[in-house]
Each structure stands twice: as structure tokens, then as C-alpha cells.
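As a basis for the values below, the full set of heavy atoms in this structure was taken, side chains included, without hydrogen atoms, waters or symmetry mates. Quantities reported herein were computed from a predicted structural model and do not represent experimental measurements. All ligand and atom numbering here is 1-based and tracks the order in the structure.
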Amino acid sequence: MVIKSPSDITPSETTSESIYRQRRRFLQQSAALLGSALLPTTPLAAAPRSPYSTDEPLTPLKSITSYNNFYEFGTQKGDPSLRASALETEPWSVSIDGEVAKPTRFTLEDLLNPFSMEERNYRHRCVEGWSMVIPWLGFPLAALIKRVRPTSRAKYVAFTSLYDADRPLPGQQRRLLKWPYQEALRIDEATHPLTLLATGLYGDPLPNQNGAPLRLVVPWKYGFKSIKSIVRITLTEQRPKTTWNEMSDDYGFYANVTREHPEFKWSFNRERRIGELQKRDTLPFNGYAEQVAQLYPNGDPDLNLRRAHRR
Ligand code: MTE
């Protein structure tokens with residue numbers, strides 16, 4: 001991710017987005033009449049909206065699906081939407097292994113229990129200085145981790161994106177990054193109720209460019225932690241290596257959205273919400289401080305690590 005000022009993306013409503021909004025209105029009205037327990041769980045737009053959702057205006061679908069970072073398809077913001085049809089998402093499975101009592105290979109169908117789907121409208125902030133508000137569909141990662149029963153040695157959760165050395169995706173044919181893309185969280189972060197495995201957005205399955213069929217969403221961290229198209233999840237005792245952090249210390253392992261970080265290249269007090277002209281203040285923990293600040297009682301862990309290394 002090289003910092004560039006985001007090009008203007010004009011908000012434009014698409015058919016699918018307006019259908020989504022109609023469905024939502026219909027469901028809200030039905031819920032008021034019937035009580036939400038009677039609502040059908042399909043289509044996906046019927047998923048109940050989580051209380052963790054922000055009320056801020058949603059970024060238009062067109063912008064969410066055409067202004068992307070997905071280096072497997074190239075480094076330009078438009079590359080993923082142009083090229084992501086090369087991503088084959090069926091069949092798909094996710095292996096969970098490492099420090100767990102029940103290592104399991106889940107097919108996508110095993111994971112997509114419609115009864116556990118929620119809609120979460122989250123702020124999404126990239127280190128490059130732009131942000132969006134995205135109506136994700138998904139379920140808490142904690143629910144999946146519980147199913148495989150972590151051992152007492154499990155301290156971290158590592159994630160791996162799709163990579164087949166024999167059939168590399170367009171961006172993987174160059175060494176833009178060390179493939180496969182890898183990310184990781186501390187186990188208390190991974191099992192925090194805000195941490196989501198997303199399978200859709202705007203009421204429909206995830207578009208390929210947004211990380212189909214399954215991606216991580218950690219809304220209080222910079223976007224690069226939210227790894228796309230996950231094929232493997234490994235619980236570990238030692239802190240795993242992660243793609244951007246290996247490239248430079250400036251991409252901290254924790255990468256919590258912070259306002260004050262003079263020591264880091266990638267810290268900003270301001271951000272550009274895609275579709276808006278004026279910049280706005282970046283909020284501590286991207287606006288989720290109330291929910292997550294207690295995970296970091298000793299202050300920002302990236303800054304503490306950096307200072308410790310210097311000693
Ligand atoms: N995951 C993979 N596998 N490859 C990537 O290049 N880019 C990251 C993250 N997850 C990336 C990835 C970055 S830098 C950001 S900001 C977000 O995805 C972008 O998500 P979006 O395109 O859905 O907005």
C-alpha cells in the first residue's frame with residue numbers, strides 16, 4: 001500500500017443497492033408488524049442488524065466494489081474489480097488447525113449457517129487515509145473458534161489467503177508481496193465480539209474483489225488486517241509473521257487505528273470518507289474505543305514493541 005490521495009469516487013446508486021434498501025425497508029416494516037422472530041432468514045438481507053452497527057450513512061455499493069486493495073489482482077484500486085472474476089470460489093474450504101482440540105476442514109456450506117448471520121455496518125479505515133462505511137454480512141469469528149476448541153496454549157490466530165503456486169492469480173505472478181497474504185490477531189482480539197468473518201455485503205454474497213467467499217473484518221484496526229479470501233486459520237502459541245509487518249515496522253502487528261502516532265509513517269489524524277469532499281477527524285480505534293480500549297491496558301502495543309526493540 002503506497003499512500004496516494006484517493007481519487008474522487010462519485011456516489012452512485014446501483015440497482016442492487018436500491019433493491020437492498022427496499023428489502024431492508026420491507027423487513028423493518030414486517031418486523032414491526034410481526035416481531036423479528038418470525039422473519040425468514042433468507043435472502044441474506046434478512047439477517048438481523050447487530051447493535052454494533054453504526055448509523056452513519058453507508059458508502060455506495062459501487063464505491064465499495066470498485067475502489068479496492070487486493071494485491072492478488074494488482075496494485076491499482078480498479079484492478080480487483082476488473083480482474084477478480086479469475087477467482088474461483090466454488091468449491092471452497094477453510095482448514096482450522098494448530099493449537100485446537102478439533103482440527104477441522106470446513107466446507108463453505110458448513111460455515112454458512114444462515115441462522116447465525118448478522119448484518120454489521122462498520123467503519124472501514126485504510127492506512128492510506130481513506131475510509132468507508134460497509135454493511136457487512138457475517139458471523140463472529142469467536143463462534144467458529146469455539147467450535148474447534150482452542151487449547152490453553154493458543155495465544156494467536158493466524159490467517160492465510162488463497163495461493164496456488166501452480167496457478168497464481170494475476171498479481172501473484174509478480175513479487176508485489178510475499179505470497180500467500182498472511183495476517184494474525186491475538187486470541188483475545190480474534191474472539192472479541194466485534195471481530196467478524198464476513199460472507200456478504202449489502203445483503204448479497206461477497207463480491208470477489210471484496211474477498212469472496214470469506215474474509216476477516218476487524219473494524220478498530222487498519223484495513224490491511226482484514227485479510228480476504230481465507231483458506232486457512234491456525235491457532236499458535238508464538239506470534240505469527242504477517243505480510244505487511246514483515247515488510248516494514250511501520251505496519252505494526254497490531255495496527256490499531258490511532259490518532260496520535262508521530263513515530264509511525266502511517267498515522268493520520270484525518271481521513272477522507274469515500275464520496276465526501278471534506279476530510280474528517282479519525283477517531284481513536286476507528287470509533288470503537290468503548291468496545292476495545294480495554295484490550296490494551298498498557299497503551300498502544302505497536303509503539304511499546306517499537307520502543308522495546310530500540311533499547
Ligand atoms: N487481503 C488480501 N488477501 N490481499 C490484499 O491485498 N488488502 C488489505 C485488506 N485485505 C488485502 C487484503 C487492505 S490494504 C485493505 S485496506 C483491505 O483489504 C481493503 O478491503 P476492501 O477492498 O474490501 O475495501
Could you list which atoms of ligand 1 come closer than 4.0 Å to a heavy atom of [X]?
X: F70; answer: 2 (C), 3 (N), 4 (N), 5 (C), 6 (O)
X: C126; answer: 16 (S)
X: I227; answer: 1 (N), 10 (N)
X: H124; answer: 19 (C), 20 (O), 21 (P), 24 (O)
X: S226; answer: 9 (C), 10 (N), 18 (O)

Salt-bridge test for [X] and [Y]: reply yes if a basic N is under 4.0 Å from a carboxylate O, no otherwise.
X: R167; Y: E88; result: yes
X: K221; Y: E189; result: yes
X: E271; Y: K279; result: no
X: R272; Y: E276; result: no

Within 45° of the axis and under 6.0 Å from the centre of the six-membered ring of Y67, does NZ or CZ of K62 qualify? no
Taking atom 11 (C) of ligand 1 as the point of reference, which of W130, Y181, F73 owns the nearest heavy atom? Y181
For atom 23 (O) of ligand 1, which of the options E128, R215, K77, R125 provides the nearest non-hydrogen atom? R215
Do L201 and L137 pass the side chain to side chain contact (heavy atoms under 4.5 Å, CB included) test, and can you show the C-alpha distance, the side-chain angles, and the key distance before you say yes or no? CA-CA 5 Å; L201 59 83; L137 272 170; over 6 Å; no
Are R273 and R123 packed together at the side-chain level, in the sense that at least one heavy-atom pair is separated by less than 4.5 angstrom? yes
Check: [X] N/O within less than 3.5 Å of ligand 1 N/O:
X: K228; answer: yes
X: S161; answer: yes
X: N68; answer: yes

Does S229 come within less than 4.0 Å of ligand 1, judged by its heavy atoms? no
Is the distance between the ring centroids of F73 and F70 under 6.0 Å? yes
